[in-house]
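Below you'll find the structure, written out as structure tokens, and then a few comments.
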Amino acid sequence: MTTQPTEPTAPTWQANQNRHTRFRTIVGVLRKYNVLSNLARQKHPQQVRLAFEELGPTFIKIGQILSSRTDIVKPSFANEFKKLQDNVKSDPFDIVQQTIETQTGQPLTAMFASFDEQPFASASMGQTHHAVLLNGQKVVVKVQHPGIDAEVALDISLFERALPLLRYIPESSVIDLREMVAEIKRSLFNELDTSIEVKNGARFYRLNNHDDIIRVPRVYDNYSTQKVLVNQYMAGTSIQHFMATLNAADEVDDHQYDDERRYLAQTLVANFLKQVFEDGFFHADPHPGNILLRELRPQDMGYHETGPRKAGHLTKPTLPPYRLIYLDFGMMGSISPALMDGIANVVIAVTTENTRQVGKAILAISNRTGEVDEEAFFSALAPFLSQYYNSGLGDIDFQGLLFEMVKVCRTNNIQVNPAVTMLGKAFGTIEGIVETLDPSLSMMDVARPFARKYMREHFNFRSELEDGALATLQSLRDAPKLPSRLLSALDTFENGQTRVNIVFSHRKLFIDRIDSMVNKIVLAVILAALIVGSSLLVQSHPDNNWITNIGIFGYVTAVVVIIGLAVGTLHAWFRHWRHK
């Protein structure tokens with residue numbers, strides 16, 4: 001009986017370890033908590049979390065990334081990784097000041113009128129301070145920990161070196177661990193390059209700031225560098241607090257927040273769908289911690305702010321006294337026009353509740369990594385789609401649904417476009433918030449009009465008309481040939497020259513199994529002949545040692561082959577039993 005590892009009293013990682021010492025540390029902890037096996041089989045998430053905490057900041061960040069990637073790990077793992085805490089001490093102010101001045105090439109006093117020496121947040125990659133620019137603008141300044149980029153690069157390279165240990169693990173039945181590490185590596189290195197987040201933040205600000213009650217902090221790119229990020233400060237609290245207030249209100253049947261919660265839900269959904277179907281650029285990690293809610297008071301600026309004029313109204317409506325603020329633009333998704341067409345087709349196909357049509361729409365936006373049995377894929381897809389068709393918003397586990405959908409695609413040699421996977425994860429996260437705000441609002445009900453509108457706006461009437469005219473012309477040219485072709489087909493049928501091709505699913509698997517059975521039968525016949533022949537040789541020439549030895553050799557060969565077959569069969573049965 002194996003004992004479960006207990007919670008460590010304190011992390012045992014040490015900064016600035018040399019390469020060999022750090023490698024031994026990583027391998028030791030991975031073995032101690034059986035991390036590679038647990039990840040490959042998606043079992044015992046608590047052990048993996050304890051290992052990541054023990055290995056320090058890089059692995060804590062890896063777990064935090066995986067906590068939002070239910071397309072890579074099971075929901076049980078994602079929920080466990082959400083418990084990971086950054087046990088990272090903040091850097092002294094003189095180190096922070098040195099980093100900023102080295103990165104910007106200017107003294108701190110030349111950029112900021114004031115700068116809080118104590119950070120209000122410290123995480124794996126960096127820490128965040130309040131500051132005020134020389135023009136009086138309040139900002140938040142995120143500064144990377146010194147040497148964290150080298151530490152992350154070292155840990156990732158060593159973790160990749162530990163992957164050969166996978167050969168001692170039975171074949172993964174759920175995920176490709178190497179693919180997962182490659183995805184994590186890309187995400188970590190993108191986060192270390194603050195210039196990427198600067199570009200993302202500037203673009204998201206341009207597309208979404210002042211969209212109804214949506215507000216986006218401005219990114220000050222002239223103050224930001226690869227390791228320093230300066231954003232406009234916006235007051236507000238996590239929408240998670242308002243969601244907790246709503247849950248408490250629901251328990252006592254308090255309806256004072258009904259109008260606000262419905263407006264917030266509708267705004268979040270409409271804005272997210274605009275990001276997808278109009279901008280082609282969406283926030284890929286819209287969890288409650290990245291969305292702030294600010295309740296305005298009458299004396300606050302913007303309390304009497306008006307929104308855009310709506311159809312049928314002569315005046316601009318006054319916006320409600322609250323604002324939604326997006327934060328953190330390190331993880332964003334981009335959608336090409338062609339992919340946008342495909343996603344719109346999937347959404348419209350879901351309306352039909354036709355599994356085959358939905359499956360074909362999914363195949364159109366995915367890559368095939370091998371031979372694909374479309375009928376098998378449609379059959380595997382049906383249970384998930386029927387669950388979605390017949391369930392209410394609150395009854396659907398979107399995290400589990402996304403994970404199982406990706407698993408079905410992988411099983412059928414279908415690689416889902418990474419942008420689609422990211423969109424599905426973001427969609428599920430937003431829908432989780434909306435379900436608390438307004439359970440009666442379904443994102444799919446709102447998404448369908450958006451998708452139809454997109455298809456109408458991008459419908460090329462001239463191109464479709466030309467294609468239709470060409471198809472009609474070709475049909476007219478082929479029409480006179482139909483009678484002769486029909487007579488030819490009837491003559492062929494009458495002469496007995498017809499041939500019927502039967503196509504069935506899993507044809508290759510069926511043929512492989514038949515081939516294996518035939519090979520075993522042939523081998524059994526050969527073994528039987530060998531045993532009979534050896535017996536005849538031994539019995540017919542008992543005094544001839546040479547012939548007797550040949551017979552005994554035949555016996556031994558047959559026994560060895562039979563034992564090998566038995567061991568192989570038992571091993572295959574055991575592997576099948578373990579993967580159940």
Side-chain angles (χ1 to χ4, degrees), residues 68 116 119-121 123 128-133 136-142 194 197-221 223-224 229-246 257 259-276 278-279 281-308 318-333 426 429-434 436-438:
S68 63
D116 289 358
F120 68 88
T128 311
H129 297 254
H130 287 297
V132 179
L133 297 178
Q137 174 64 56
K138 293 181 179 180
V139 294
V140 291
V141 184
K142 181 178 178 182
T194 304
E197 186 169 352
V198 169
K199 294 177 183 176
N200 290 340
R203 184 179 178 186
F204 196 79
Y205 174 87
R206 185 177 69 256
L207 293 172
N208 295 282
N209 192 43
H210 285 282
D211 178 36
D212 202 271
I213 61 171
I214 300 293
R215 297 295 178 266
V216 181
R218 179 184 172 189
V219 180
Y220 293 94
D221 54 352
Y223 293 97
S224 302
L229 177 65
V230 181
N231 276 329
Q232 176 186 2
Y233 168 75
M234 284 190 169
T237 58
S238 170
I239 199 172
Q240 185 79 50
H241 298 296
F242 184 67
M243 293 165 66
T245 301
L246 294 180
Y257 303 104
D259 291 340
E260 182 175 356
R261 67 194 299 177
R262 279 195 293 267
Y263 195 94
L264 291 174
Q266 292 169 0
T267 302
L268 275 174
V269 172
N271 176 260
F272 181 76
L273 294 174
K274 181 193 81 72
Q275 295 175 34
V276 175
E278 294 182 16
D279 305 338
F281 183 72
F282 63 93
H283 198 301
D285 192 22
H287 64 78
N290 284 338
I291 300 177
L292 302 183
L293 174 63
R294 184 187 180 192
E295 302 282 356
L296 298 177
R297 296 169 296 181
Q299 64 269 27
D300 289 336
M301 183 180 297
Y303 184 83
H304 299 289
E305 187 178 359
T306 58
T318 301
L319 294 177
Y322 37 80
R323 301 290 181 266
L324 286 169
I325 304 166
Y326 270 101
L327 302 176
D328 193 353
F329 310 109
M331 189 181 298
M332 308 297 290
T429 304
I430 283 286
E431 186 121 25
I433 299 175
V434 170
T436 300
L437 296 176
D438 185 4

Handout entry: Backbone of Val230 reached by a side-chain donor or acceptor of Ser224 within 3.5 Å
Key = yes
Handout entry: Non-hydrogen side-chain atoms of His287 and Ile433 separated by less than 4.5 Å
Key = no
Completion exercise
Tightest non-hydrogen contact, residues Arg294 and Gly236, listed as CB-CA, 4.2 Å
Problem - Derivation and outcome, side chain to side chain donor-acceptor pair (under 3.5 Å), residues Asn271 and Asn208 - result: CA-CA 8 Å; Asn271 176 260; Asn208 295 282; 3.1 Å; yes
Completion exercise
Here the gap from Asp328 atom CG to Ile291 atom CD1, rounded to the nearest 0.5 Å, amounts to 11.5 Å
Exercise for the section: Report, as yes or no, whether the 6.0 Å neighbourhood of atom CZ on Arg218 holds more than 12 heavy atoms from other residues, nucleotides or ligands. Expected result: no
Practice task
Could you pull out all residues at least two apart from Glu305 that satisfy side chain to side chain donor-acceptor pair (under 3.5 Å)?
Solution key: His210, Arg215, Arg323
Fill in the blank from the handout: Taking every heavy atom of Met332 against every heavy atom of Phe281, the minimum-distance pair comes out as CE-CE2, 3.6 Å
Fill in the blank from the handout: Residues at least two apart in sequence or cross-chain that pass ring-ring contact (aromatic ring centres under 6.0 Å, His included) with Tyr257, listed by chain then number, are Phe242
Exercise for the section: Side-chain contact test, heavy atoms from C-beta onward, threshold under 4.5 Å: evaluate it for Phe120 versus Val140 and give yes or no. Expected result: yes
Exercise for the section: Mark yes or no for whether His129, through its side chain, and Asp116, through its backbone, hold a donor-acceptor pair below 3.5 Å. Expected result: yes
Handout entry: Partners meeting ring-ring contact (aromatic ring centres under 6.0 Å, His included) with Phe204 (sequence neighbours left out)
Key = His283, Tyr326, Phe329
Exercise for the section: Taking all heavy atoms of Ile213 and all of Leu264, pick out the closest pair and write down the distance. Expected result: CD1-CD2, 3.8 Å
Handout entry: Tyr263 side chain reached by Leu319 side chain, heavy atoms, under 4.5 Å
Key = yes
Fill in the blank from the handout: Nearest heavy-atom approach of Ser238 to Leu292 is N-CD2, 3.7 Å
Exercise for the section: Look up atom CD1 in Ile325 and atom CD in Gln232, then write down how far apart they are to the nearest 0.5 Å. Expected result: 9.0 Å
Problem - Expected output: side-chain Asn290 to main-chain Asp285 donor-acceptor under 3.5 Å - result: yes
Handout entry: Stepwise side-chain contact (heavy atoms from CB on, under 4.5 Å) test for Val219 and Leu229
Key = CA-CA 8 Å; Val219 180; Leu229 177 65; 4.2 Å; yes
Exercise for the section: Verify the distance criterion only: is there a donor paired with an acceptor across the side chains of Tyr205 and Asn231 at less than 3.5 Å? Expected result: no
Exercise for the section: Dump the intermediate steps for side-chain contact (heavy atoms from CB on, under 4.5 Å) on Leu293 and Glu295, then the final yes or no. Expected result: CA-CA 7 Å; Leu293 174 63; Glu295 302 282 356; 3.7 Å; yes
Handout entry: Residue pair Leu133 / Tyr220, side-chain heavy-atom distance below 4.5 Å
Key = yes
Practice task
State, to 0.1 Å, how close Arg261 and Asp438 come at their nearest heavy-atom pair, and which atoms those are.
Solution key: O-CB, 4.5 Å
Problem - Contact check, side chains of Gln275 and Ile430, non-hydrogen atoms, under 4.5 Å - result: no
Practice task
Answer yes or no: is there a donor N or O on one side and an acceptor on the other, between the side chain of Lys274 and the main chain of Leu207, under 3.5 Å?
Solution key: yes
Exercise for the section: Look up atom CG in Leu273 and atom CG in Asp279, then write down how far apart they are to the nearest 0.5 Å. Expected result: 11.0 Å
Problem - Short side-chain to backbone donor-acceptor contact, Asp300 and Gly302, under 3.5 Å - result: no
Practice task
Could you pull out the closest heavy-atom pair between Gly333 and Ala284, with the gap in Å?
Solution key: N-CB, 4.0 Å
Fill in the blank from the handout: When rounded to the nearest 0.5 Å, the distance separating OG1 of Thr267 from CZ of Arg262 is 12.5 Å
